[in-house]
Every structure is written in structure tokens, then in C-alpha cells.
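Let me begin by presenting the structure, written as C-alpha cells, before commenting on it.
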Number of protein chains: 2
Amino acid sequence: MVSPQSGPGKAPTPPARAPRVTAAEVAAKAGVSTATVSLVANGKTSGRVSAEIVARVAEAISELGYVVDSAGSSLATGAGNFVILIAPDISNAFYSQVITGIRAAIGPDYQLLLSVTGNGRFPAVRDVRKLLALRPAGLLVDAPSEQFLAELAATGPLVLLDAPGSGGTAPRVNFDVEAGAAELAGHLAACGHRTVAYLDSVTGTQTFQARRRAFRVTAEQLGIRVLDGAIPSTTIDLGAAAEAFAAAWPQLAAAGVTAVACATDTQAFGVLQAARKLGLAVPGALAVTGFDDLAFAGSSDPGLTTVRLPAAALGEAAGNQLKTLLAGRAPACTLINLATELVIRESTGLRT
Amino acid sequence: MVSPQSGPGKAPTPPARAPRVTAAEVAAKAGVSTATVSLVANGKTSGRVSAEIVARVAEAISELGYVVDSAGSSLATGAGNFVILIAPDISNAFYSQVITGIRAAIGPDYQLLLSVTGNGRFPAVRDVRKLLALRPAGLLVDAPSEQFLAELAATGPLVLLDAPGSGGTAPRVNFDVEAGAAELAGHLAACGHRTVAYLDSVTGTQTFQARRRAFRVTAEQLGIRVLDGAIPSTTIDLGAAAEAFAAAWPQLAAAGVTAVACATDTQAFGVLQAARKLGLAVPGALAVTGFDDLAFAGSSDPGLTTVRLPAAALGEAAGNQLKTLLAGRAPACTLINLATELVIRESTGLRT
DNA sequence: CTGAAAGCGCTTACAG
DNA sequence: CTGAAAGCGCTTACAG
């Protein structure tokens, strides 16, 4: 009958923390041991606890509003009941769909928490360790750099998202960015472009290297000259991309550049914005393209030609892989490659 | 000298978890007790541990790569060293800046984790409890509903963001959305609009009620008729807003609506997209406005007139308030109201 | 079918 | 200045 609210002797030392309901309180109320409470709370009762007692304990749990304490549980079992998604830029609109997919896949048994890092940057060793010290049940890592992956070395259930070419044994779910990049290069060639610049993301990430390389290779096969690095790489930030492009434009113009391919839609929007300020007609004077197909791509001025990456499908596939891992099984398929698709809008057009 | 990697008797039962370095191992290596390791690891040594021992332990810590285990620490102290931000739609581009502000303010002592919920929806009681069971050191809650706040009742360090009019005693950092909404109404009146529709967010959230109410009140004072609910409220999603607007347009047109004010930029982008598909000239046939001033607002077609909400400042102020709370102090100021500003672009214009 | 007890890794009075 | 010990809340063999 330990009523936490009414205990007169409760030490009021810390702030006004909510009184934590413990298994011991539930046990007392139901007249059983904490071991039994644990069994019931975790649904491990089959053939181990009588139906009558299960009912009694369940009632006490719901009356008291008991929730298994994560710290205690983690300590005893080795890991908590939550999963952490690490991504370089979670606030990118792109992740909204990825996250929705993940949640749908992992279900209600695990909480999904996001680790936030700087703009398009990955956390330092130090931060990774702190994250691991939290004892997540599993980790989802989006668009990791090689270095990051190395630091992460062998840490329990792990699924990689959008991580082409990474070593290691973790299951991966990728976009077929190469096919998309090639298709994009083909489109620009068909539009008559002969000299283009590529604006890359500053993140040292495989997926961006793959986009850039595939674009370049196909473009050059088709007789397009690709000015690599003519625009310094930027974070995945509209403003940063706008600035970088504006600064580089005189040089690009002199070199005869008629199109800029960007590693992400967000950067492409920045280029569009800068182009407008510079008085450049798009696509007349300059064509612009991205990767992602964010919802905004349909309402930018002009609409953005971009390589669509199926974000929700990525999240869902990754969530499913992780769930398999968490259940202690090996995924049937260790590498999933999702098809991409070129979406043509007004930001590119036939050159006359 | 317990080297975790080399122990031959290590049970290989679970997956390939990284060997966890414990305080006991550090203590053994440094020839001290775990109590001393704890003191050193937490920087609580001043006047309690000799410089020589501090150095010895620190060296062992860095050699072993020891990180204080969050579960153990949480259990012992009552709370972990991380903070959770709960927001209805974290993948909104808006939060990128809020998060940056928060991180800058709380510094490296606390990890920032985001709780992800559905599109513009708040987590259920069940999820909140699971979150609290994780024992966060503090909570930041953005744009909460009344109901959510009630469920949260008295749970240690808590700061509310963009939560006008909420009861309770938690420190709050708000936008002065009323002033912005009034300014917006004034602008539409000056442009000659006489009948406007308001597209609200479906979230049952104070900040949205405040935006809507303030807009309506000022608009009506200025002789504008506001069609409330003529467009059903939507989630903060471009596509949902586009659909809702398109479906409602025949009715709006019949009622003489010449402008749509949206609760968020994202929804406004949806209306812009739908208007384009319907062949409506913006702002000629229809003016559109939002709230936020996302980076995209400058590159939509046409540029979006919107009430700028200083997102980074919000995050930073909230982070500072929380830090004060975490330090056990009471914030000097319990309600911070950040100024907003109307940004006029091409999506609104003088009516002829 | 049920409970007593050990142990997960840490922190914090308390002795010395 | 330093360490032995209790305790945070839970889970899991192990007895019964």
C-alpha cells in the first residue's frame, strides 16, 4: 500500500519529479513478487504465470500507471527498448518520410529517437560513444561516412541506410543513385548541354560520392564536360548553396557552363534562388537539377528536375531489417537496392 | 588487468556487442576504487582527489576509451545526461534551426534526442510514459496541445516552446504570433482583400489557435470577412494542404475569396502548388500567405509572403532556460516572447 | 507456478 | 584524500 503521492516522509530534495511507480509498488499492490511483475509487464507469462495472477498484476499495473523503467531494464538486460537513428541532417524534409517508414516498420515495441548533429555533419567519436552509452537496442545510420562507420565498429544491431559501397557486414538499404545519376546525365545531354558544373555536399559520404561519380562518368561518355569542384561543396543548406553558386558564377559563365547538377534538392533550391537574384533565366540561361524530389520540388520557381529517391520505402525497408536483427535473426537479404527515377520539370529544358 | 577483448571465457551469447568498458576495469588499471573513477569521470574532483591520482585515472579512461554508462548512471542519480525534444513534426525544415539553437545553448554536457511522432500529431500517453521511462534529464516540448500538457504533469525540468496560453508553471519561450498575425491581416486589408479563407493546422495546438484568432480579430476589425473552416484543417504537409485547398476552391470562389492565409509555410506551398494546377494566377486571382519564413519561402513560385518566426532564437532561448533548470536554478524570466515580422514577397499584391 | 537472491554499472553518503 | 558499501529498478537463472 505504498502510495507514492501520500508518503509524508518523501524527500523533497530534487525538483518536482513525478513520483516514479516501481515494480515493487505494483508487486505490493497485487500481492506478488517483483519477479512476477516483471514477467507480466514484459508479456513473458505463457506457461509461467497463472491466468489469475496475470490478471491481478495487469490490473495493478494499469491502476498505478506502471511503466517498466528503462534504466533498470537496460542495466539488467544489456540494452534499452529504443532505437536511435543517426543522420547528418534530420531536419531535411526528406527525413520526414524516412522516419514515417521506419516507425511503420519497427512498430510500437521500440521507441524511435533521433540523434541530432550539425548541418550535414556527422557526430564525433565522442558523441557516438555517448549515444552508445545510452544502450540503444539498435542503431540506424543514414548516409554515413567511412570514418564514421569505422568508429562505430561492431556494436550490436545496426542497419545502414543510403550507404553504397561501405564495407562491413551490416545490412544495408540503398538507393540506386547510380542509375538515377546516369539517367540525369542522359537527360542533360539530350537537352543539348555540353558544359555543366556539379555542386556536391560537403559531407564525406558514400552516397554523395556515388552520385557525383556516376553522373560524371555517364556525362563524359555523352560528350559533356563536367567541371568538378568549380563550385565548392556546401552543407545541405539552401543559403550556403546559394552563396557558393553566386560566388562561382562569373567563373562558371566564363567556362561556358549551362547547367548545374546538385547533390540534393535543397542545394538546388539555393542555386535557383541565387540564379534569380543574378537575373539568370532558368532553364534558358541555366538548367538546375537535384536529388531527392522533396515535396517542394513541385512548387519551386521553376519546378525542379530531380532524381526521385523513395524515402518512405527506404525507411520501411531499413526498419524491417532492424526488426529482424533485434529478434536475433539474420535478414534474408543483406543488401536492398531501391530503384530511383528521374522526374523532369521546368528547371531543365531543350537548349536551342 | 581485465582486458575485455581477450577474456577467453566471455559468453558469446548475444550478437556481437562491443565489449563495454566499465568503471571497474578503469579502476583496476589505475589502481584505485570505482568511486574515484566516478569522481574523475564526472569532473567532481576539486579538493577531493589528488592531482596525481586524477592524472592516473584520466589516462586509464582515455586509454580504455571509457564512457560512463548511461543506464547505470541514470539509475544511481535518477536521470540520464540527455534531453528530449518532443515536437509534432520534427522533419519540418523549421526545426532545423530550432535544433541548432538548442544545441548551441545546452552545450556538450547533454545529448539532444528527438522524439518522433506522426505528421503534426502528438504522442499518446503511452508513448510519453515510455519517453519518461528513459529518464531524460529534461524535456523540451514544442507546440504542445493542452491535453498533452496535462498528461505530462510535473515531470522535472521542462521548457515549453511556442506554447502561448498554456497553463502550468513551466518556463515558456513563445513567438509573438499575435502581432505577426495582426500585421498580416493589415497587409491583406491594404492590398484590398475583402474576403479571405484561413487554412489551419489540424494539431490541437495553442500556437495555431492564437495565430488564427489574432488574424481573424484584426481582419474583421479592418472589414475583411474571414471564412473560417471553409477549408478543412490539414496536417502540416504540402500534399494534404494542396488537396484540401483544391477540393474547397469551387466553394471559396463562389464566396468571393481572394486570399488564403495558411497556418504554416508548408501548407502555403501546398496551396501555391494546387493554385498552379487550377490555373489560378497568384497573386492576381488569389493571394497566399504562411507562417514561418522557411528558407524555401524565398524560392517558391511565387515567393511567399509570410510571418517570420525566429526559429534559431527560439531554440537558443529554450535551451538556455532548460540549462538553468538543469543546474537547479530558477530561470530569471519565466516567459520569453520573441518578436515576429511580416515578410512581404510576391504571393500577395495590390488588388486592382 | 512462484519467490528469494544475485547482479547489471554507477554514484553517494559515510568512515577512515 | 580514498575506499567499502549500500542502493537505484530491473531481469533472470535457480530453487522450491
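Keep in mind that what you see is a predicted model, and the values were worked out from it rather than measured. We name chains A, B, ... by the order of the sequence lines, and we start the count at 1 in each one.
- The closest donor-acceptor contact from the side chain of Asp69(A) to the backbone of Ala71(A) lies under 3.5 Å.
- Looking at the side chain of Ala76(B), the nearest of the listed nucleotides dC10(D), dT12(D), dG7(D) is dG7(D).
- Proximity of Ser73(A) to the phosphate of dT11(D): a side-chain N or O atom is located under 4.0 Å from OP1 or OP2.
- Checking side-chain atoms of Ser115(B) against main-chain N and O of Ile86(B) turns up no donor-acceptor pair under 3.5 Å.
- Between the side chain of Thr77(A) and the main chain of Ser73(A), a donor-acceptor pair closer than 3.5 Å is present.
- Within the 3.5 Å criterion, the main-chain N or O of Val67(B) finds no donor-acceptor partner in the side chain of Arg129(A).
- The nearest whole Å value for the distance from the CD atom in Glu25(B) to the C1' atom in dC8(C) is 13 Å.
- Among the heavy atoms of the strands, none lies under 4.0 Å from Val37(A).
- Atom pair Leu75(B):CG and dC10(C):P shows a separation of 12 Å (rounding to whole Å applied).
- DNA chain D lies under 4.0 Å from at least one heavy atom of each of the following residues of residues 41-66 of chain A: Asn42(A), Lys44(A), Tyr66(A).
- Here dC10(C) is the nucleotide among dG9(D), dA4(C), dC10(C) with the atom lying nearest to any side-chain atom of Ala23(B).
- For Arg135(B), the listed nucleotide lying nearest its side chain is dG9(D); candidates were dG9(C), dT11(D), dG9(D).
- A close approach under 4.0 Å does occur between a side-chain nitrogen or oxygen of Thr36(A) and OP1 or OP2 of dG3(C).
- Comparing Val32(B) and Thr77(B), the nucleotide of DNA chain D nearest to each residue sits closer to the 5' end for Val32(B).
- In this structure, the nucleotide among dG9(C), dT11(C), dA5(C) sitting nearest to the side chain of Val68(B) is dT11(C).
- Residue contacts for Ala71(A): at a heavy-atom cut-off of 4.0 Å it reaches no nucleic acid atom on any strand shown.
- Looking at Thr36(A), its side chain never comes within 3.5 Å of a backbone N or O of Val32(A) through a donor-acceptor pair.
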In dot-bracket notation, what is the pairing pattern of DNA chain D, taking Watson-Crick (N1-N3 plus N6-O4 or O6-N4) and G-U wobble (N1-O2 and O6-N3) contacts under 3.5 Å, with [ ] crossing and | for other strands? |||.||||||||.|||
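- Across the protein-nucleic acid pair, Leu39(B) atom CG and dT2(D) atom P stand 10 Å apart, rounded to whole Å.
- Counting to the nearest Å, the P atom of dC8(C) and the CG atom of Asp69(B) are 12 Å from each other.
- Residues Ile99(B) and Arg103(B) have side chains in contact (heavy-atom distance under 4.5 Å, counting atoms from C-beta outward).
- Remark: P of dG7(D) and CZ of Arg20(A) are 19 Å apart, rounded to the nearest angstrom.
- Between the side chain of Gln321(B) and the backbone N or O of Cys333(B), at least one donor-acceptor pair lies under 3.5 Å.
- Checked by atom type and distance alone, the side chain of Asn174(B) pairs as donor or acceptor with a backbone atom of Ala163(B) at under 3.5 Å.
- Not a single donor-acceptor pair under 3.5 Å links the side chain of Lys323(B) to the backbone N or O of Ala318(B).
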